[in-house]
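Some notes on the structure that comes next.
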Amino acid sequence: MARKPTERTRAGIVPGIALVTGANRGIGLEVCRQLARLGTSVVLGARDFAKGKEAAEQLASEGLRGGVMPCQLDVTDDRSIEFAVERVISEIGDLDVLVNNAAILYDTWQSAIDVDLEQVRQALETNTFGAWTMVRACLPSLRRSAHPRVVNVSSEAGSLASMGGGTPAYNLSKTALNAVTRMLADELRGDRILVNSVCPGWVDTDMGGPGGRPVAEGAASVVWAATLPDDGPTGGFFRDGRPIPW
Ligand SMILES: NC(=O)c1ccc[n+]([C@@H]2O[C@H](COP(=O)([O-])OP(=O)(O)OC[C@H]3O[C@@H](n4cnc5c(N)ncnc54)[C@H](OP(=O)(O)O)[C@@H]3O)[C@@H](O)[C@H]2O)c1
């Protein structure tokens, strides 16, 4: 798989190389499909390599413009992150886009009063610290990109403006992820790295359950932030390209 020359569309920039975490199913898989359709070389991160390989083979069989490379990547494992980033750089090149999509624990069975705090810690470990660690590990590579972007796949469940009871571990992890977006966007403005949080909406996946909108629509909300033009926003929280309250 090789880096393609930068292509611009009316809406933004087609990334040369993108890494998507938690991409063997759900929204992450569809983000890979949509980016590869545009011509991006996509690294499909999966904590279980066999599942990632199977998913990448499925995408490859669809004849997309860009290549798809599966990569073992557990966002809670520092060594796995280090190996994955090194492999991407040595085998394909520097990253243009990091999509922090992996997440767990939509804890509909809990309330803030009687929550199991161990589950809150687990949610933070993957949904917040995992994404934060990924950005730090990819930073040297992203800094060498001409059009670097970081997309933190968040959720309106993490919005303080509409915060209610329920799903406490998940909500807190996404609120904290949004804080990470704000801090990194500010610190990385000088490096021209656009960092945004995106809510895909309620999507019909294993996590979202039946009744949500089609996965293609949720993924498109994420791809929008991955393909922003150089004068696009940073430090924002968006759904379908429109700002939503923090
Ligand atoms: N679906 C919705 O309605 C909705 C709404 C708002 C926001 N979101 C957000 O959208 C993103 C994708 O959600 P989804 O609905 O596609 O979820 P999903 O179907 O449950 O998929 C989650 C993905 O994350 C992976 N993952 C979990 N822990 C990981 C780890 N430690 N390292 C690497 N990968 C890991 C899973 O891998 P395994 O297959 O190995 O478990 C799976 O590929 C998440 O950030 C979620 O919070 C979803």
Side-chain angles (χ1 to χ4, degrees), residues 19-34 42-56 58-59 70-85 98-108 119 121-134 137-138 150-159 162-163 166-178 180-181 196-226 237-240 244:
L19 168 59
V20 184
T21 68
N24 51 289
R25 61 187 166 101
I27 294 167
L29 175 61
E30 181 61 22
V31 168
C32 290
R33 178 180 282 116
Q34 292 186 11
V42 176
V43 182
L44 185 156
R47 58 180 163 175
D48 179 333
F49 182 73
K51 287 184 187 168
K53 189 164 171 280
E54 197 180 321
Q58 162 64 33
L59 292 186
C71 186
Q72 197 286 328
L73 178 53
D74 182 336
V75 302
T76 62
D77 179 344
D78 288 353
R79 276 172 62 81
S80 165
I81 292 175
E82 198 182 312
F83 284 147
V85 174
L98 167 65
V99 178
N100 277 316
N101 168 79
I104 55 167
L105 252 159
Y106 187 60
D107 52 333
T108 49
Q119 294 196 359
R121 286 187 193 96
Q122 285 169 17
L124 286 167
E125 203 60 58
T126 298
N127 305 358
T128 312
F129 304 150
W132 199 347
T133 308
M134 281 302 303
C138 294
V150 173
V151 187
N152 289 328
V153 182
S154 184
S155 168
E156 196 169 8
S159 168
S162 54
M163 184 73 65
T167 60
Y170 185 78
N171 287 9
L172 187 74
S173 71
K174 294 298 190 181
T175 308
L177 178 63
N178 285 347
V180 170
T181 294
N196 291 291
S197 280
V198 165
C199 171
W202 175 30
V203 180
D204 186 347
T205 61
D206 293 341
M207 181 184 281
R213 64 180 179 161
V215 71
E217 288 180 21
S221 190
V222 176
V223 168
W224 170 82
F237 188 19
F238 299 94
R239 183 169 52 235
D240 298 333
I244 57 173

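For ligands, and for the atoms within them, numbers begin at 1 and follow the listed sequence.
Contacts of Y106 with ligand 1, taken as heavy-atom pairs under 4.0 Å, are absent altogether. Of all the heavy atoms of T21, none lies under 4.0 Å from any atom of ligand 1, so neither backbone nor side chain is involved. At a heavy-atom cutoff of 4.0 Å, ligand 1 is contacted by no atom of E156, backbone or side chain. If you look at N101 next to ligand 1, the close heavy atoms, those under 4.0 Å, come from the backbone and the side chain alike. If you look at T205 next to ligand 1, the close heavy atoms, those under 4.0 Å, all belong to the side chain. Counting heavy atoms under 4.0 Å from ligand 1, residue A157 does not touch it at all.
Taking any N or O of N24, backbone or side chain, at least one lies under 3.5 Å from an N or O belonging to ligand 1. At a 3.5 angstrom cut-off on N or O pairs, A102 does not count as close to ligand 1.
In this structure, E30 pairs ionically with R33, as a charged nitrogen and a carboxylate oxygen lie closer than 4.0 Å.
In this structure, of R25, R47, K174, the residue bringing a heavy atom nearest to atom 21 (O) of ligand 1 is R25. The nearest non-hydrogen atom to atom 48 (C) of ligand 1, considering only V203, I27, D77, comes from I27. For atom 4 (C) of ligand 1, the choice among G212, G201, S155 with the nearest heavy atom turns out to be G201.
No heavy atom of G130 sits closer than 4.0 Å to any atom of ligand 1. Taking 4.0 Å as the cut-off, D48 does not count as a neighbour of ligand 1 on heavy-atom distance. Not a single heavy atom of G209 lies less than 4.0 angstrom from ligand 1. In this structure, S154 is part of the shell of residues with a heavy atom less than 4.0 angstrom from ligand 1.
Heavy-atom neighbours of W224 CH2 from other residues, nucleotides or ligands within 6.0 Å: above the threshold of 12. Around CZ of F237, the count of heavy atoms belonging to other residues, nucleotides or ligands within 6.0 Å exceeds 12.
Between the side chains of S197 and T181, at least one donor N or O lies within less than 3.5 Å of an accepting N or O.
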